[in-house]
Visitor: 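Quick one: the structure is below, questions incoming.
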Amino acid sequence: MSYFIKIHQCQHDTIKQTLINKDVVLTQEQLDEHQSALDVLFAKSYTRDPETHESETACELLYALEALCEAKSTQSDCITFYLDDDYPLMVDFLFNDWDVADDFTLPLSPHGTPAVVYRDSKSLSSYITAFQDMLDNEAYDEDFIEEHELVALINSLSCARQNNCGVFVFCFQ
């Protein structure tokens with residue numbers, strides 16, 4: 001199944017302050033599309049299952065958060081790939097715990113995607129090295145991720161690391 005990730009170069013605190021200050025930075029079209037979810041995000045009035053952390057409203061909330069991250073980011077990139085259990089590095093990168101406390105405590109989608117994780121500039125070094133090793137050693141399958149997409153992923157993460165910035169990584173199906 002085809003997936004794509006959107007990587008937004010943006011500090012965690014920037015988005016945290018955006019939510020606290022209710023700093024609407026979106027176009028009117030984006031506001032029309034996400035207003036009700038933004039209201040819920042700003043009020044932090046969402047809930048999630050205590051065991052699974054899932055919610056039926058998670059998708060709308062994550063799409064609204066992604067729009068905020070895109071508006072606040074200094075650079076955004078989109079990478080297409082196929083998720084494959086033979087490449088646990090990508091699963092870890094996309095779905096493992098946040099590098100900082102997930103103080104948004106957003107609900108998870110019951111469908112697995114959309115999903116979001118934050119990677120700080122410190123952890124990007126290890127991911128860059130691991131993805132670069134995959135590329136250098138041709139330890140990837142073009143059916144999983146094409147070479148130009150892997151290069152784009154490495155470049156996006158390298159740019160964020162060079163700018164001493166973290167990234168919000170959203171995974172969509």
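What you see is a predicted model; the values in this text were computed from it and never measured.
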Visitor: Between Leu89 and Ile7, is there a shared hydrophobic cluster once you connect ILVMFWY residues whose side-chain heavy atoms come closer than 4.5 Å?
Guide: yes

Visitor: Run the numbers on Thr57 and Glu60 for side-chain hydrogen bond (donor to acceptor under 3.5 Å, both in side chains), then give the verdict.
Guide: CA-CA 6 Å; Thr57 62; Glu60 293 83 14; 5.3 Å; no

Visitor: Below 4.5 Å, heavy atoms only, C-beta onward: do Phe168 and Lys6 meet side chain to side chain?
Guide: no

Visitor: How about Gln75 and Cys159: do any of their side-chain heavy atoms sit closer than 4.5 Å?
Guide: yes

Visitor: Please name the pair of heavy atoms, one in Thr47 and one in Pro107, separated by the smallest distance, quoted to 0.1 Å.
Guide: O-CB, 3.8 Å

Visitor: Check residues 93-100 and write down every donor-acceptor pair under 3.5 Å in which the side-chain atom is one partner and the other belongs to a residue at least two apart or another chain.
Guide:
unit_1: Asn96; atom_1: ND2; unit_2: Asp92; atom_2: OD1; d: 2.3
unit_1: Trp98; atom_1: NE1; unit_2: Val116; atom_2: O; d: 3.3
unit_1: Asp99; atom_1: OD1; unit_2: Arg119; atom_2: NH1; d: 3.0
unit_1: Asp99; atom_1: OD2; unit_2: Asp120; atom_2: N; d: 2.9
unit_1: Asp99; atom_1: OD2; unit_2: Ser123; atom_2: OG; d: 2.2

Visitor: For the pair Ser73 (side chain) and Glu70 (backbone), establish whether a donor and an acceptor sit closer than 3.5 Å, ignoring hydrogens and angles.
Guide: yes

Visitor: Atom NE2 of His34 and atom CD of Glu29: how far apart are they, to the nearest 0.5 Å?
Guide: 9.0 Å

Visitor: May I have all residue pairs that pass side-chain hydrogen bond (donor to acceptor under 3.5 Å, both in side chains) and include part of residues 104-116, sequence neighbours excluded?
Guide: Thr113-Gln173

Visitor: Phe172 and ring-ring contact (aromatic ring centres under 6.0 Å, His included): which partner among Tyr3, Tyr63, Phe81?
Guide: Tyr63

Visitor: Return yes if some donor-acceptor pair links the side-chain N/O of Thr129 with the main-chain N/O of Ser125 below 3.5 Å, else return no.
Guide: yes

Visitor: Taking Arg48 for the side chain and Glu54 for the main chain, is one N or O donor matched with an acceptor at less than 3.5 Å?
Guide: no

Visitor: Take Phe104 and Lys16 through the test side-chain contact (heavy atoms from CB on, under 4.5 Å) and record every step on the way to the result.
Guide: CA-CA 8 Å; Phe104 304 150; Lys16 183 177 176 179; 3.9 Å; yes

Visitor: Over all heavy atoms of both residues, which pair between Glu56 and Pro110 is shortest? Give the atoms and the distance, please.
Guide: OE2-CG, 3.7 Å

Visitor: Working to the nearest 0.5 angstrom, can you tell me the gap between Ile128 CD1 and Leu157 CG?
Guide: 5.5 Å

Visitor: Between atom CD of Gln17 and atom NE2 of His12, what is the distance when rounded to the nearest 0.5 Å?
Guide: 10.5 Å

Visitor: Look at the side-chain heavy atoms of Ile, Leu, Val, Met, Phe, Trp and Tyr, link any pair under 4.5 Å apart, and say whether Val169 and Met134 land in one connected group.
Guide: yes

Visitor: With distance as the sole test, does Glu149 use its side chain to make a donor-acceptor pair with the main-chain N or O of Glu146 at under 3.5 Å?
Guide: no

Visitor: Does some side-chain heavy atom of Leu153 sit less than 4.5 Å from a side-chain heavy atom of Ile5?
Guide: yes

Visitor: Within this structure, what is the CG-CG distance for the pair Asp133 and Asp136, rounded to the nearest 0.5 Å?
Guide: 6.5 Å

Visitor: Applying side-chain hydrogen bond (donor to acceptor under 3.5 Å, both in side chains) to Gln28 and Asp32, what does each step give before you reach the verdict?
Guide: CA-CA 6 Å; Gln28 189 60 48; Asp32 292 344; 2.9 Å; yes

Visitor: Do the rings of Phe170 and His8 sit parallel, tilted or perpendicular, given the 30° and 60° boundaries?
Guide: perpendicular

Visitor: Identify whether Val91 and Phe131 are in the same connected component of the hydrophobic contact network (ILVMFWY, side-chain heavy atoms under 4.5 Å).
Guide: yes

Visitor: In terms of hydrophobic clustering (I, L, V, M, F, W, Y; side-chain heavy atoms under 4.5 Å; direct or indirect links), are Leu68 and Ile20 co-clustered?
Guide: no

Visitor: What is the minimum heavy-atom distance between Leu41 and Leu61, and which atoms define it?
Guide: CD1-O, 3.7 Å

Visitor: Rounded to the nearest 0.5 Å, what separation is found between the OG1 atom of Thr18 and the CG atom of Asp13?
Guide: 10.5 Å

Visitor: Does Lys122, at its NZ atom, have more than 12 non-hydrogen atoms belonging to other residues, nucleotides or ligands within less than 6.0 Å?
Guide: no

Visitor: Within a strict 4.5 Å, meaning less than it, do heavy atoms of the Ile145 and Met90 side chains meet?
Guide: yes

Visitor: Tell me, with the steps shown, if Leu26 and Leu38 meet side-chain contact (heavy atoms from CB on, under 4.5 Å).
Guide: CA-CA 11 Å; Leu26 304 177; Leu38 287 170; 3.5 Å; yes

Visitor: Quick one, Glu147 and Tyr140 - any side-chain contact, counting heavy atoms below 4.5 Å?
Guide: yes

Visitor: Honestly curious: do Tyr46 and Leu108 fall in one hydrophobic cluster under the side-chain, below-4.5 Å linking rule?
Guide: no

Visitor: Closest heavy-atom contact between Pro114 and Leu62?
Guide: O-CD1, 3.2 Å

Visitor: Taking atom CD1 of Ile79 and atom SG of Cys171, what is their separation to the nearest 0.5 Å?
Guide: 12.0 Å

Visitor: Taking C-beta and beyond as the side chain, do Phe42 and Leu19 meet within less than 4.5 Å on heavy atoms?
Guide: yes

Visitor: Residues two or more places apart in sequence or in another chain: which of them pass side-chain contact (heavy atoms from CB on, under 4.5 Å) with Gln11?
Guide: Thr14, Tyr118, Cys165

